[in-house]
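To start, the structure itself, in structure tokens.
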Amino acid sequence: MQPPEPAVDISAADELSMLIASLHESEQRIDLLTRGQIDSVASSDDHTYLLRRAQAQLLEDAAAKNAHILDALPAHVALLDADGVIVAVNAAWHNFAEANGFAAGKDDLGSNYLAVCERAGGPGQADAQHAAHGIHTVITGARACFALEYPCHSPLQNRWFELRVTPIEGGRPGGVVVMHVNITSRRIAEGESEELQRQFADLLMNMDLASVMLDLEGRITFCNEHLLRLSGWRREEVLGADWFSTFIPPAVTLLKERFNGMLEETITPGHGEHAILTRGGDLRLMRWSNSLRRSASGEVVGTASIGEDVTEQRLAEIRLRQLSRVQRVLSGISTLIVRATDRDSLYQGACRIAVDSGGFRMATLLLVDADQARISLAATAGKDPTMIEDVRQSFADPLLASASLSAQAIRERKLVVCNDFTGDSRLTMSDSDLERGVRSLAVLPLLIADRALGVFILYSNELDCFQPDELVLLSELTDEIAFAMDHLDKSERLAFLSFYDPLTELPNLLLFQDQLDRYIAL
């Protein structure tokens, strides 16, 4: 019996070499037997093995495909290894380097991109060094990605690029992809947009219209100089302040609800009028044009409003309406004077025209007796029968009549005006008149040769109803009434003197002969 053969001591390296040689020989044998038609083989347990020649071809095809994809990108793309050396670039990168006069290979394969950035000088030195630092942080894994916008102007045009750096191997330290994207169009558009916004802001600041912008809470984010001049506030006092508590009168309660409705887009922004409070507490009537402000994503971020001060315009319109109604009253009474044949029709007609054509709450005509010791009611017209009766009773009382504004106008022979019944101590019936809605009153004396024949009183439901322009026309009106009264008086006096003796007040010869002729005829 032979002893066993001693074991051969083969090192691991020798064993690995033997296996590689065996595999190489096996692949060559398979390739020979199949004439190069087989790319993979399968074992008895269905495991597929790709032959080395096929692996090489697959890798070559993948590299060509990736290179084709990189070349199709409009951005300038380069692959850097862990040392910052350029190992691959796309066609856009290479073409840009050639078009801008770089030496062959300087920004191409094999050059150290980090070193190029660090050595850069001139106006772009700071951006280049910032880029080098950012790329290094991504290579070492200190940062997941890096981006930088920088100018890269040429003699022919201004250009801007964005540098984007991302790791090649899913964020692990190592090589990186460096991409330069041309953002010139975007930067030009942004510049134009900023210029338009600046011009628009200048327009808002300098125009003679009030402009204000509010955020979602109703706080003021912008207001122009015209609004500040109009309201008397300073900019630092209103920016950030609540618009509704600062500028809106407490009596105006629906504006906040309307504002919320516009933000929720349940109410369409549009035009409207409302008053604002000035710093001194005065009111200014404004006509507003409202719109919504939106973010870049389309979300509502607040409102913008442009307003015109229409206070004077509205006052002018009110004055015009008041003057127009007085003109109508004046025209009507002028016609009445021509047609009136007696005092009663003149007095009552004047009061009726003032109420019907002039829109006054009530009109009253009072007369004084010959010695001006007593005031009596000659005619009245109005829309409230109880008020008419109260006026009759008040002037039936000599004590009240002597203390009234009518007595004052007769004594002083000039008009007396009360444009606000609240708290006026001169009024004898202010409480009852206020309950009926009367707010203003004008007492106009009827004068002939500086002698007061009586007064014409007009009552109105409007505050500050009787203004100077209107009082001028009303004075003309009372002058015509006084003239008509004097004319009727003289006509009656002439008729009396025609038929009666002024001394005995008995019929004169002319009236006696006329009556005698009538009796004879009968």
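For this chain, numbers begin at 1 and follow the sequence in order.
At distances below 3.5 Å, at least one donor-acceptor pair connects side-chain atoms of Asn90 with backbone N or O atoms of Val77. Put simply, the side chain of Ser357 never gets that close to the backbone of Val329: no donor and acceptor are under 3.5 Å apart. Between the side chain of Glu237 and the backbone N or O of Arg234, at least one donor-acceptor pair lies under 3.5 Å. Looking at Asn224, its side chain does come within 3.5 Å of a backbone N or O of Leu227 through a donor-acceptor pair. Here the side chain of Arg235 pairs a donor or acceptor atom with the backbone of Cys223 at under 3.5 angstrom. Side-chain N or O atoms of Ser331 include none that pairs as donor or acceptor with a backbone N or O of Arg328 at under 3.5 Å. When atom types are taken as modelled, the side chain of Thr380 and the backbone of Ala363 share a donor-acceptor pair closer than 3.5 angstrom. In terms of modelled atom types and a separation under 3.5 Å, the side chain of Thr184 and the main chain of Trp160 share a donor-acceptor contact. The backbone N or O of Gly232 lies less than 3.5 Å from no partner atom in the side chain of Thr278, so there is not a single donor-acceptor pair.
At a cut-off of 3.5 Å, with distance as the only test, no side-chain donor of Ser460 or Ser440 sits close to an acceptor on the other residue. A donor and an acceptor atom, one from each side chain of Trp288 and His271, are nowhere located under 3.5 Å apart. Side chains of Asn290 and Ser305: a donor-acceptor N/O pair is present below 3.5 angstrom, by distance only.
Of the charged side-chain nitrogens involved, none lies within less than 4.0 Å of a carboxylate oxygen, so that Asp242 and Arg219 do not count as a salt-bridged pair. Ion pairing of Arg284 with Glu312 is present here, as a side-chain N (NZ or NE/NH1/NH2) and a carboxylate O approach within less than 4.0 Å. Between Asp450 and Arg413, at least one side-chain N (NZ, or NE/NH1/NH2) sits under 4.0 Å from a carboxylate O, which counts as a salt bridge. The residues Glu217 and Lys256 are annotated as not salt-bridged, no charged nitrogen and carboxylate oxygen being separated by less than 4.0 angstrom. Ion pair Arg159/Glu149 not flagged as a salt bridge, since none of the NZ, NE, NH1 or NH2 atoms sits closer than 4.0 Å to an Asp/Glu carboxylate oxygen.
The two residues Asn419 and Leu463 have their closest heavy-atom pair at O-CD2, 3.7 Å.
Looking only at side-chain heavy atoms (C-beta outward), Thr246 and Trp233 come within less than 4.5 Å of each other. Residues Val300 and Glu265 are in side-chain contact: their nearest non-hydrogen atoms beyond the backbone lie under 4.5 Å apart. For the pair Gln408/Lys414, no side-chain contact is recorded, criterion being any heavy-atom separation below 4.5 Å from C-beta on. For the pair Leu471/Val417, a side-chain contact is recorded, criterion being any heavy-atom separation below 4.5 Å from C-beta on. A 4.5 Å side-chain heavy-atom check between Leu444 and Ile457 finds every atom pair outside the cut-off.
Taking the six-membered ring for Trp and the full ring otherwise, the centers of His136 and Phe146 sit at least 6.0 Å from each other.
Ring-plane geometry between Tyr150 and Phe161 is classed as parallel, the angle between the planes falling under 30 degrees on a 0 to 90 degree scale with a further cut at 60.
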Apply salt bridge (Lys or Arg N to Asp or Glu O under 4.0 Å) to Glu264 and Arg258, showing your working.
-> CA-CA 10 Å; Glu264 296 168 0; Arg258 179 174 177 79; over 6 Å; no
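In this structure, His274 places its NE2 atom where more than 12 heavy-atom neighbours from other residues, nucleotides or ligands lie under 6.0 Å away. Heavy-atom neighbours of Glu236 CD from other residues, nucleotides or ligands within 6.0 Å: above the threshold of 12.
Separating the CZ atom in Arg439 from the CD atom in Glu462 is a distance of 11.5 Å, to the nearest 0.5 Å. In this structure, CH2 in Trp243 is found 9.5 Å from CG in Leu255, a value given to the nearest 0.5 Å.
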